[in-house]
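All remarks here apply to the structure that follows.
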Amino acid sequence: MQALRILQVAAEATPYAKAGGLADVIGGLSAELAAQGHDVRVVVPNYVELLPDNLRLHPVGDEHVVEIAGSSITFSFVRAEASPGEPLPYFVHCPDFFGTGGIYSSGEEEAQRFLLLCRAALQLCHDVEWAPQILHCHDWHTGLSPTLIRFDTRYSRLFATTSSVLTIHNIGYQGIFQRRVVAEAGLGQVAESLHGDVKPDDVNFLRTAIRHADAMTTVSPTHAQEIRTEQYGMGLQDDLNRRAHRLTGILNGADYRLWDPVHDQMIPARFGPGRLTGKATCRHELLRELQLDAPANVPVLGMVSRLVDHKGIDLAALVLPEFLEDNRLACVILGDGDSELVAALREIQTRFPQRCGFVAGYDEALAHRIIAGSDLLAVPSRYEPCGLTQMYALRYGTVPVVRATGGLADTITHFDPDTGQGNGAVFLDADPGGLRWALNTSAGWFQDRGDWVRLQANGMAADFSWRRQAPLYLRLYQRLLDGVRH
Ligand code: ADP
Ligand code: GLC
């Protein structure tokens, strides 16, 4: 295959800015595509305080000034250093929009920030005279870029032969704003092109991308089917069904450069298949760190999650107390998000101070220590486009307990002690009974040394690497380039 020029545009990318799995996917996929010889450039905002301190940044091109909602906004570009075989990361430097602390904000400002990102990514290509063959955008934040390369005459020539790909990581977030924000961001031509895409007054960034991208993917084959239904389509199922021939599901990969206990420096001891002493050390240290007390025959259940409704955290909060009460589980939870969920988890921690550790907030290293030191990892999601923590857990000999949805269904199969097949516990219904059953079942397996060793070995042997998954994107890119446009 010929080397391709691929532009990835996203709100997050590991190791520069991360709120969840989107960042891991941009980082891991881009690294693998570049390692396979492609010219990959990644554009993300320069969230000023968030970039790692050791990054050496270089300015690129001139400053630009744009009028957005009556204010003059200045932006420019910086790039980090990259060796051959690595993706080239560019950052949109715009302190007015991206210097405010977090990755996400809210309200209309959010539309303006991400419209700027879309536009700036194209401006960058223009400035460095680089026309990508593939523009790959992700989620609603960058959803207007496929429209921009067609309808904004400032960019349409440079991108005349570019094919666009939208990956939907989370259909629950669509970017719905008053339509005037597009025109107010200096994108009047684009606003005109949205006739028929939008309600009279609203623009839905994700829906616009679904209508205009040359191809669409979501992050697991099962979820690609789910989002075409009323239950999971979040109102976009008709748009997706209309263009279903352009929609595929490509399972995410795991970035084993960062998530592998054989070389993970964030955990207290290294371990791997067949040599699990280090895992026992990780468990011991995790319990000590959180001042928990769990005898060796009680499994430690971990959770690392954004605390939002679709993750099913409320189900866990309902069911966990009975297991903690009977000393059938200990648990360690790390999460950031919804204040009601935080309060519910805090209450459990207060009730069972020696059995339940809860850390509210975002902590990358603690996430590694929990995934390494736990015996079980719960992901009881109502919907889960892919989910990465269950894949990471497998690599660390931690047994996932998941609901059968999206990528969880595509990666975890229910263990059968009779055949020794399977890598986790899978429940069907997103209700307390389902989770209770799965926790009971998996806590039972933990009591049988033979079953447990087999389960861990099955998980650790799985390969969900980007080395295997990135070629599926390459095949899609190539199909587009071989298609009508050329
Ligand atoms: P989502 O993208 O929906 O949040 P994923 O399972 O795809 O779910 O990815 C979650 C990623 O974010 C994982 O890398 C996980 O370790 C990380 N993560 C989630 N919450 C936290 C947190 N509070 N602290 C540190 N890492 C977190
Ligand atoms: C989203 C989804 C998650 C997926 C991640 C990366 O945040 O909620 O399931 O793994 O994106 O694609």
Side-chain angles (χ1 to χ4, degrees), residues 20 170 172 226 231-232 234 286-287 290-294 298-362 366-367 370-371 373-385 387-390 393 398-409 412 414-415 424-447:
N170 200 327
E226 288 174 340
Q231 186 186 353
Y232 291 100
M234 311 273 177
L286 181 66
L287 293 174
L290 291 156
Q291 299 173 353
L292 302 180
D293 170 30
V298 172
V300 175
L301 175 79
M303 288 181 76
V304 176
S305 183
R306 290 184 297 116
L307 302 180
V308 293
D309 176 64
H310 83 83
K311 295 286 182 183
I313 308 295
D314 54 322
L315 301 179
L318 278 173
V319 172
L320 279 174
E322 57 201 78
F323 284 85
L324 298 168
E325 185 88 58
D326 300 351
N327 287 342
R328 280 183 292 155
L329 284 178
C331 70
V332 179
I333 303 170
L334 168 64
D336 202 11
D338 189 295
S339 54
E340 277 178 33
L341 293 171
V342 170
L345 296 172
R346 269 216 202 299
E347 199 183 309
I348 299 176
Q349 182 192 27
T350 310
R351 239 176 102 190
F352 305 99
Q354 281 162 9
R355 288 275 187 265
C356 175
F358 168 51
V359 178
Y362 185 90
L366 180 57
I370 292 176
I371 289 176
S374 301
D375 301 299
L376 298 163
L377 185 92
V379 193
S381 305
R382 292 200 164 75
Y383 75 88
E384 194 61 70
L388 296 171
T389 54
Q390 84 281 8
T398 302
V399 173
V401 179
V402 306
R403 171 158 180 265
T405 181
L408 299 172
I412 307 302
H414 192 73
F415 180 63
V426 182
F427 63 101
L428 296 181
D429 295 324
D431 59 28
L435 178 60
R436 181 180 297 117
W437 171 82
L439 289 176
N440 246 326
T441 307
S442 48
W445 294 330
F446 189 74
Q447 303 310 323

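Bear in mind the structure is a predicted one, so any value in this text is a computation, not a measurement. All heavy atoms count here, side chains included; hydrogens, waters and symmetry mates do not.
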Say whether, by atom type as modelled, one donor and one acceptor occur between the side chain of R382 and the main chain of K311 under 3.5 angstrom. no
Roughly how far apart are L341 CG and D309 CG, rounded to 0.5 Å? 7.5 Å
V342 versus G337, closest heavy-atom pair with distance: CG2-O, 3.9 Å
side-chain contact (heavy atoms from CB on, under 4.5 Å) assessment of S305 paired with T389: CA-CA 8 Å; S305 183; T389 54; over 6 Å; no
Counting distance only, does the side-chain N/O of T398 pair as donor-acceptor with the main-chain N or O of L377 below 3.5 Å? no
I370 and M303 have their tightest heavy-atom pair at CG2-N, 4.3 Å
Check: T405 main-chain N/O paired with E226 side-chain donor or acceptor under 3.5 Å: no
Criterion side-chain contact (heavy atoms from CB on, under 4.5 Å) on L320 and L301, from CA distance to verdict: CA-CA 10 Å; L320 279 174; L301 175 79; 3.5 Å; yes
Crowding at CD, Q354 (>12 non-hydrogen neighbours, <6.0 Å): no
Could you state the interatomic distance from CZ (R306) to OH (Y362), rounded to the nearest 0.5 Å? 11.0 Å
Can you name the closest pair of heavy atoms from V298 and D375 and give their distance? O-OD2, 4.3 Å
If I take atom CZ from residue R355 and atom CG from residue N327, how far apart are they, to the nearest 0.5 angstrom? 3.5 Å
Give me the atom names and distance for the closest heavy-atom approach of A425 to A438. CB-O, 4.0 Å
L345 side chain reached by L307 side chain, heavy atoms, under 4.5 Å: yes
For Y383 and N170, run side-chain contact (heavy atoms from CB on, under 4.5 Å): C-alpha distance rounded to whole Å, both residues' side-chain angles, the deciding distance at 0.1 Å, then the answer. CA-CA 9 Å; Y383 75 88; N170 200 327; 2.6 Å; yes
Is it true that atom CD of E340 has more than 12 heavy atoms of other residues, nucleotides or ligands lying nearer than 6.0 Å? no
Quick one: pull up CG in L315 and CZ in R436 and give me the separation to the nearest 0.5 Å. 10.5 Å
Specify the closest pair of heavy atoms between P353 and L292, including all atoms of both residues, with the distance to one decimal. O-CD2, 3.4 Å
I'd like to know if the side chain of S442 and the backbone of L439 have a donor-acceptor N/O pair within less than 3.5 Å. yes
Pair listing, salt bridge (Lys or Arg N to Asp or Glu O under 4.0 Å) test, anchored in residues 325-337, at least two apart: E325-R351, D326-R328
Does any part of the side chain of L286, heavy atoms only, come nearer than 4.5 Å to the side chain of S374, both counted from C-beta? yes
For the atom pair NE2 (H414) and CG (L428), what is the distance rounded to the nearest 0.5 Å? 9.5 Å
Run V402 and V426 through side-chain contact (heavy atoms from CB on, under 4.5 Å) and show every step you take. CA-CA 5 Å; V402 306; V426 182; 4.1 Å; yes
Separation between CZ of F323 and CG of N440, rounded to the nearest 0.5 Å: 4.0 Å
Nearest heavy-atom neighbours spanning A404 and A409: C-CB, 4.0 Å
